[in-house]
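Here the structure comes first, spelled out in structure tokens, and everything after it is commentary.
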Amino acid sequence: MLPKEYSTISNLSGPLMVVDKITDVRYDELAEIRLTTGERRRGRVLEITEDRALVQVYEGSTGIDADTTKIRFLGDVLKLPVSKGMLGRIFNGRGVPIDGGADIIPDDYLDVNGNPMNPYSRDYPSEFIQTGISTIDGMNPLVRGQKLPIFSGSGMPHNRMAAQIARQSTVISSHAAFAVVFAAMGITFEEASFFMEDFRKTGALERTVMFVNLADDPAIERIATPRLALTCAEYLAFENDMHVLVILTDLTNYCEALREISAARKEVPGRRGYPGYLYTDLATMYERAGRLRGKSGSITQFPILTMPEDDKTHPIPDLTGYITEGQIILSRELYRKGVLPPIDVLPSLSRLKDKGIGKGKTREDHANTMNQLFAAYARGKEAKELAVILGDAALSDVDKLYARFADAFEKEYVSQGQDDDRPIEETLQVGWKLLKILPRAELKRIKDEFLDIYYESEELEQMGR
């Protein structure tokens with residue numbers, strides 16, 4: 001028996017429509033809208049008030065005649081058909097294949113809102129994920145099950161960095177299958193072409209599932225895209241025991257779509273016009289990362305967002321910082337210098353970095369060298385700022401060494417290009433090479449046993465040459 005059809009549409013506003021005199025309709029239920037032309041559109045129930053429903057139309061309400069259009073509610077929520085055959089495929093923001101391949105033969109249909117993880121069932125993140133980027137692996141390591149966002153700015157190379165991470169990432173301590181779920185929201189056709197071509201050319205597409213929402217696609221589709229991606233990730237991680245890295249770009253476009261829908265609903269705006277529930281909405285996505293006891297699979301998130309006017313206090317990066325375990329911040333100053341990727345080490349932070357490094361995970365000297373590199377770079381930056389104000393003559397000989405270290409650190413450690421996949425061993429060796437610019441007495445954050453192995457041995461090797 002087909003669901004009841006209604007012709008009681010009383011109001012249209014942007015992507016929203018109000019339907020009166022309804023019965024047995026539920027929140028989040030899917031709807032089918034039939035125009036007199038025969039065109040069919042999809043919608044979702046946002047709100048129920050007595051016998052009235054507020055419906056969000058995925059394709060927008062343009063061309064809909066309230067007097068002649070009919071709508072019926074389908075009695076189900078939005079679900080994604082899933083299978084391992086999704087690997088290597090490209091989908092749009094509705095979960096429909098757009099790569100010219102055959103339709104997916106699903107093993108299951110999963111609710112895109114996911115099932116909340118029981119906090120008691122969560123396992124602690126503890127395994128290192130190698131991205132091949134020194135400033136992440138060496139200074140702010142990513143741990144399996146973590147959510148570590150990248151804060152970028154307009155015009156910065158975050159898309160190329162996202163592609164590099166998708167190509168290079170791997171869990172070096174495990175032989176389990178590794179997959180990438182890549183969701184792009186509100187990007188241009190040129191950007192979408194770049195990602196598709198890059199993944200195909202490098203072979204990364206074979207282990208990747210892509211969801212692409214273009215800038216001219218409906219705003220409501222932009223809101224669904226990351227949830228489709230996370231639903232796919234949950235299936236691969238917890239049903240197929242895979243390590244899944246989810247890259248979401250650009251979360252700012254997602255939040256703008258959320259603000260647009262909120263304005264159409266005439267909701268009371270919060271900070272800078274964003275809805276008051278922005279924090280809650282972002283948390284429903286970020287908290288889908290993690291590990292579960294008894295499951296060998298995991299979901300690790302790398303959300304990418306552009307900070308409007310490079311403002312870290314903007315609501316989107318501000319709220320994201322409260323929910324996630326750190327942040328990687330891109331520097332416009334480094335980008336102007338030609339340093340790629342332009343990661344600013346000093347304000348960047350991975351709160352779980354100590355959990356995924358050390359003996360048996362990366363190397364026993366990793367924590368010490370990481371802390372020493374950070375301290376030396378910070379002091380070198382201070383010395384360079386002092387030289388700008390007072391001149392080089394005001395610097396001591398040691399300060400001049402630190403200033404030299406800061407320049408070398410940016411040139412050799414931070415800057416590595418977009419095709420250089422550095423193993424963690426190489427990253428650590430580059431770090432030790434730079435630390436030799438400084439006298440051993442200055443390396444107070446490194447244990448003597450490590451200095452004897454990695455500092456003195458290099459000194460002897462150089463003398464032998």
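Here, residue 1 is the first one in the sequence, and each next residue gets the next number. Basis for what follows: all heavy atoms, side chains included, without hydrogens, waters or symmetry-related copies.
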Does NZ or CZ of R42 lie under 6.0 Å from the centre of the six-membered ring of Y58, at an angle within 45° of the ring axis? yes
Any side-chain donor paired with an acceptor under 3.5 Å for N113 and D28? yes
Here's one to test your reading of the geometry: is the NZ or CZ of R293 within 45 degrees of the ring axis of Y120 and under 6.0 Å from its centre? yes
Can you tell me how the ring of Y377 sits relative to the ring of F409, calling it parallel under 30°, perpendicular over 60° and tilted otherwise? tilted
Are Q130 and D137 close enough that a side-chain donor and a side-chain acceptor fall under 3.5 Å? no
Y286 versus D281, side-chain donor and acceptor atoms under 3.5 Å: no
Any chance the rings of F182 and F199 have centres within less than 6.0 Å? yes
Do R351 side-chain atoms and T324 backbone N/O form a donor-acceptor pair below 3.5 Å? yes
Would you say D216 has more than 12 foreign heavy atoms packed within less than 6.0 Å of its CG? yes
Under a plain distance cut-off of 3.5 Å, with no hydrogens placed, do S350 and Q146 share a side-chain donor-acceptor pair? yes
Quick test of your reading of the model: are R259 and E256 salt-bridged, counting only N-O distances below 4.0 Å? yes
Do S298 and R144 meet the criterion of a side-chain donor-acceptor pair at a distance under 3.5 Å? yes
Does any N or O in the side chain of E410 come within less than 3.5 Å of the main-chain N or O of D407, such that one atom is a donor and the other an acceptor? no
Distance-only side-chain donor-acceptor flag, S348 / N140, under 3.5 Å: no
Validation row: L230, V246 side chains within 4.5 angstrom (heavy atoms): yes
In terms of side-chain heavy atoms, does Y279 have a donor or acceptor partner in T320 at a distance below 3.5 Å? no
Pairing donors with acceptors under 3.5 angstrom, does anything connect the side chains of S296 and R291? no
Any side-chain donor paired with an acceptor under 3.5 Å for R227 and T284? yes
Between E50 and R52, does at least one N-O distance fall below 4.0 Å, as a salt bridge requires? no
Flag side-chain contact, heavy atom, 4.5 Å: I329 against K312: yes
Any chance the side chains of Y274 and S262 put a donor and an acceptor closer than 3.5 Å? no
Can T231 and R288 be counted as having a side-chain donor-acceptor contact under 3.5 angstrom? yes
Salt bridge or not between D217 and R222? Use side-chain N to carboxylate O under 4.0 Å. no
Below 6.0 angstrom between ring centroids: does that apply to H158 and F151? no
